[in-house]
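To start, the structure itself, in structure tokens.
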Amino acid sequence: MHPQIAAVFDEAENRYLKPEELKLISQYVASMPERLDAYRSLRDRELEIVQAVADQLEAASPQESEETLERCLKNALLMLRYCALSLLVNDESLVERRFLAWVSPLAKVYDTKAIDAKLYRLLNQQLSKMLTAKQLSYLSPSLSLAQEALLSQSSTPQMVVSH
Amino acid sequence: MLSQLERLTREIDGRYASDAELTFAIDYVRSFNLRVQTYQRLQELETTLVQQTYTKMRSIDPSVFSHGGDDLSAKWKRDTLRVMRYVAVAVLMDDTETFRERLLLWFQTIMRAFGAQRSCNLTYQVLQEVVKQSLTAPQANLVCPLLELSRRTLGTLT
Amino acid sequence: MISVADLLVNNRIPGNFFTPDVYVRGDLEVGLLENRQGDRLLAVPETLIQAIYSGLYKETGQANRLVLFNCGKWWGKSFYTRFCEQVTGYYSLPLADMPMVEFIQALQECWMAHGWGKIEMDQTYQQRGFLIVKIQNSAFARLAPQHNQPACHLEAGILASFFSQLTGKELGCIQTSCESMGADCNRFLLGLPKRLEPIETMVLNLDHDAIMQQLCA
Amino acid sequence: MVIATAQNSVKRKHPKKHNHYGFRDFFQFDPDKGTILDWNQGQNILTTEDFIIGLVEGLQEEVGDASAATMYTIGCEWGLKDAFFFENWFEKEFERSMRQTNLLFLLETWWWPFTAQGWGRWEIDMGDRKQGFMFINIFDSAVARTLGDVGKPVCYLYAGLFAGFFTELVKKQLSCIEIQCYSMGETYCKFLIGGQDRIDAAAFWMNEGATARDIEKRLRSGEILR
């Protein structure tokens with residue numbers, strides 16, 4: 001959620017909320033029905049969306065192993081789930097802490113940037129077909145944050161410890 | 001609402017929330033206008049409500065504002081205002097849990113340290129009566145449960 | 001053909017089990033902390049860490065280092081078990097099937113979520129039978145009372161236990177550099193006890209690089 | 001999410017806020033360093049009960065039965081150091097001397113960080129302070145809950161903590177003994193704090209099988225070992 005809304009209790013004992021603070025909350029609450037709709041669409045049509053992406057990706061990357069493609073698709077599913085959550089609560093930092101902190105180091109090791117770039121293009125096409133412009137505008141801050149972070153990092157060699 | 005959103009983000013890890021898990025948000029949207037009205041009303045009436053409570057308490061028990069010769073009126077007003085303001089935000093945000101965690105549990109130990117339970121018990125009982133007279137019934141229905149919780153938490157002898 | 005539905009296990013995709021704001025929760029009403037598995041947690045404040053050092057020194061004198069190392073070993077044993085339980089449960093994978101990168105990353109996240117600093121594995125000397133573990137921002141180093149020798153005996157104990165169980169071999173652990181002595185990080189050398197023996201005395205007057213040079217000469 | 005984003009700024013924005021013990025207010029996690037600071041800028045590490053077991057078992061192995069005394073000493077050192085740490089933040093936060101403060105309020109304020117840090121809740125009974133002793137109840141002792149029902153008191157760490165802290169607070173040598181423990185099948189732990197003579201007397205009576213209630217009664221009737 002917007003950090004300012006999350007902080008409403010912090011000053012509770014000193015003063016009442018200023019009109020602009022109250023307005024911020026009202027705006028978020030007013031946007032809630034649309035956010036909920038977008039969230040539900042993403043949830044209910046997740047498989048349809050990502051399956052379409054998977055089919056196109058597989059066709060476009062015949063040289064890639066299934067294992068690699070599957071790993072990338074799994075990360076994309078996770079990304080979409082966290083972006084959906086962050087759309088709902090209006091907090092992009094959630095994507096950073098919950099998704100990127102875990103997935104970026106692994107994506108770096110497995111070096112899947114080229115496939116990811118392809119995948120995101122396909123995914124974004126699907127999403128823009130399915131969501132309204134308004135809904136997309138709620139989703140895109142976190143979605144671009146996640147995609148840009150993963151595409152901008154350089155790769156590192158894989159570690160080779162064994163059990 | 002804040003604590004519910006927080007719980008939601010904690011509990012849905014790598015999956016989607018079900019409709020049942022989202023009900024609270026829909027309920028909140030529906031009740032929001034009433035919450036804002038109530039919040040603003042409490043802000044307007046803050047001084048009056050506290051003053052009315054003070055007068056009423058004095059008439060019920062004149063000794064309640066003095067302790068060993070000290071006049072506790074000013075201290076009482078500060079404490080009561082503090083609780084009232086948290087109550088107002090808790091009404092606005094529909095968040096009893098945060099109210100409890102951020103204020104009541106701590107304040108309970110402080111009120112006990114000063115032996116103020118009897119005064120608290122009376123305060124939040126009278127305040128409920130005063131609120132019911134000054135606010136509409138739906139507004140008072142949002143405020144009074146929080147005042148009752150305050151009475152039970154702060155006003156109970158161990 | 002990839003089936004996306006088959007990529008989901010119980011309709012879930014695991015992310016970071018150790019995300020701090022999800023991993024730990026507090027309940028003020030009862031004064032308890034717990035992790036997301038429901039195990040009780042304690043926040044050990046710096047005054048207690050200092051007291052462990054000074055109290056043990058008062059009671060056991062020079063032996064306090066050994067005592068701390070031992071305490072660490074006990075601690076590490078249960079820590080390993082708990083950690084494996086958590087990751088295998090959450091990622092729905094038997095330990096043997098978990099890619100090592102992911103296992104190590106989970107350990108790093110776990111370490112940070114507990115506020116123990118940053119941990120890293122250095123495998124430069126793996127062929128020679130040594131593993132180097134680096135830890136940064138350790139509370140045990142920062143709060144150490146003396147600054148003339150490595151101070152993270154508890155951590156050394158934990159690491160010895162943890163990696164002994166992970167590799168199935170009884171390993172020893174010696175700290176070769178310490179933040180409390182101005183080093184950039186705490187380095188711990190893990191290997192078979194016999195091979196570590198000569199280092200015990202080297203630690204007193206050689207730095208980490210010199211020790212590694214001698215060891216691998 | 002939410003509150004975590006705001007958390008780092010709460011102390012900066014409201015340094016004098018007193019009710020700051022909720023988890024997300026009290027602790028600040030630094031993702032770059034992997035460290036945790038509490039509201040009063042003290043570093044904290046989180047551990048499971050394995051840490052306590054490791055300490056107890058590791059000590060048992062090295063020093064045998066002296067492990068109880070060692071845990072008590074660690075506790076005393078903790079209490080002593082914490083008294084200074086407390087005085088420092090209390091006087092900053094409340095802008096007044098610790099010694100010009102309502103005692104019960106002061107003590108509740110002292111224990112709050114421990115509540116936030118997961119060491120359980122307490123109840124303090126100062127009714128007998130004038131007679132030179134007092135009682136503290138601890139609910140959910142981290143030590144007793146960890147070690148389970150072993151049939152004798154085990155919370156030497158807490159006993160030491162109280163002895164060390166109160167000794168520094170009243171500037172007089174005080175000791176502490178646990179006279180009832182969760183590990184004896186009781187629902188909570190009870191500690192007696194006072195001068196050495198009283199603690200010795202209580203220890204002696206306990207050895208003879210006295211319950212916490214017996215000990216309270218005998219102390220209140222002024223009985224002391226000759």
Side-chain angles (χ1 to χ4, degrees), chain C residues 20-21 24-35 39-56 58-60 63 66-79 82 108 111-119 136-137 139-140 142-143 154 157-158, chain D residues 1 3-4 21-24 26-27 29-31 33-36 38 42-55 57-59 61-63 66 69-71 73-82 84-85 113-122 139-140 142 145-146 160 164:
Chain C
D21 50 348
V24 197
R25 351 178 350 190
D27 183 343
L28 270 196
E29 183 159 21
V30 284
L32 297 178
L33 298 177
E34 62 175 31
N35 68 19
D39 301 327
R40 181 166 181 184
L41 290 178
L42 292 169
V44 175
E46 61 179 59
T47 44
L48 175 52
I49 296 176
Q50 289 167 329
I52 290 174
Y53 281 121
S54 63
L56 275 182
K58 266 191 172 169
E59 291 288 330
T60 63
L66 187 63
V67 175
L68 280 171
F69 184 79
N70 255 325
C71 295
K73 272 180 93 170
W74 275 95
W75 180 11
K77 223 163 82 184
S78 326
F79 171 65
R82 229 182 261 266
Q108 291 174 320
W111 209 266
M112 289 209 287
H114 288 89
W116 301 345
K118 297 198 129 172
I119 187 168
Q136 267 183 314
N137 309 316
F140 295 105
R142 191 174 75 75
L143 300 164
L154 261 171
I158 298 178
Chain D
M1 56 153 259
I3 297 159
Y21 296 102
F23 185 76
R24 295 182 197 294
F26 191 72
F27 292 106
F29 182 77
D30 182 339
K33 291 195 175 135
T35 52
I36 299 169
D38 64 27
Q43 188 170 357
N44 280 237
I45 55 164
L46 296 171
T47 65
T48 53
E49 296 173 328
D50 303 335
F51 174 74
I52 299 282
I53 297 181
L55 214 52
E57 298 285 353
L59 272 172
E61 202 170 275
E62 290 297 318
V63 301
T70 308
M71 288 297 272
T73 304
I74 292 174
C76 287
E77 293 282 311
W78 183 14
L80 187 72
K81 288 172 203 301
D82 203 73
F84 293 111
F85 188 75
F114 294 92
T115 306
Q117 285 160 330
W119 293 86
R121 282 201 83 165
W122 84 342
F139 303 89
D140 297 305
R145 283 276 177 174
T146 298

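Proteins come first, then strands; the chains are lettered A, B, ... in the order of their sequence lines, and each starts at number 1.
With a threshold of 4.5 angstrom between heavy atoms, C:Phe69 does not approach chain D through any atom at all. Heavy atoms of D:Leu80 lying under 4.5 Å from chain C are absent altogether. Within the 4.5 angstrom heavy-atom criterion, atoms from both the backbone and the side chain of D:Glu57 approach chain C. Contacts of C:Pro45 with chain D are made by both backbone and side-chain atoms, with heavy-atom separations under 4.5 Å. Looking at D:Phe51, the atoms closer than 4.5 Å to chain C (heavy atoms on both sides) sit in the backbone and in the side chain alike. Looking at D:Glu77, the atoms closer than 4.5 Å to chain C (heavy atoms on both sides) sit in the backbone and in the side chain alike. Residue contact with chain D, scored on non-hydrogen atoms closer than 4.5 Å, involves the side chain of C:Lys58 exclusively.
Annotation: maximal heavy-atom pairing with chain C below 4.5 Å, among D:Gly118, D:Gly75, D:Gly58, occurs at D:Gly118. By number of non-hydrogen pairs under 4.5 angstrom with chain C, the leading residue of D:Ile52, D:Asp50, D:Thr35, D:Ile74 is D:Asp50. For chain D, the option among C:Val30, C:Leu42, C:Leu41, C:Leu32 with the highest count of heavy-atom pairs below 4.5 Å is C:Leu42. Between chain C and the options D:Glu62, D:Gln43, D:Arg121, heavy-atom pairs under 4.5 Å are most frequent for D:Gln43. In terms of heavy-atom pairs under 4.5 Å with chain D, the best-connected choice from C:Gln136, C:Lys118, C:His114, C:Met112 is C:His114. Heavy-atom pairs under 4.5 Å with chain D peak, among C:Leu66, C:Ile49, C:Thr60, at C:Leu66. For chain D, the option among C:Pro20, C:Cys71, C:Gly157 with the highest count of heavy-atom pairs below 4.5 Å is C:Cys71. With respect to chain C, the highest number of heavy-atom pairs below 4.5 Å among D:Gly120, D:Gly42, D:Gly22 belongs to D:Gly120. Top candidate by heavy-atom pairs under 4.5 Å with chain D, chosen from C:Glu29, C:Gln50, C:Glu46, C:Glu34, is C:Glu46. Most heavy-atom pairs under 4.5 Å with chain D, from the set C:Ala63, C:Ala139, C:Gly26: that is C:Ala139. Put simply, of D:Thr73, D:Asn44, D:Thr115, the one with the most heavy-atom pairs under 4.5 Å next to chain C is D:Asn44.
With a 4.5 Å cut-off on side-chain heavy atoms, C:Tyr53 and C:Leu68 count as touching. In this structure, C:Ile52 and D:Leu55 have side chains that are in contact, with non-hydrogen atoms separated by less than 4.5 Å. Contact check for D:Val63 versus C:Glu59: no side-chain heavy atoms found under the 4.5 Å cut-off. By the 4.5 Å heavy-atom criterion applied to side chains, C:Arg40 and D:Asp140 are counted as neighbours. Contact check for D:Phe29 versus C:Val24: no side-chain heavy atoms found under the 4.5 Å cut-off.
In this structure, C:Gln108 and C:Ile119 approach most closely via the heavy-atom pair NE2-O, 3.0 Å. The two residues D:Ala116 and C:Leu28 have their closest heavy-atom pair at CA-CD2, 4.1 Å. Heavy atoms only, all atoms of each residue included: D:Gly54 and C:Trp74 are closest at CA-CB, 3.6 Å.
The number of heavy-atom neighbours closer than 6.0 Å to NZ of D:Lys81, taken from other residues, nucleotides and ligands shown, is above 12. Atom CZ of C:Arg25 has 12 or fewer heavy atoms from other residues, nucleotides or ligands within 6.0 Å.
Without hydrogens or angle criteria, C:Trp75 side chain to C:Ile158 main chain gives no donor-acceptor distance under 3.5 Å.
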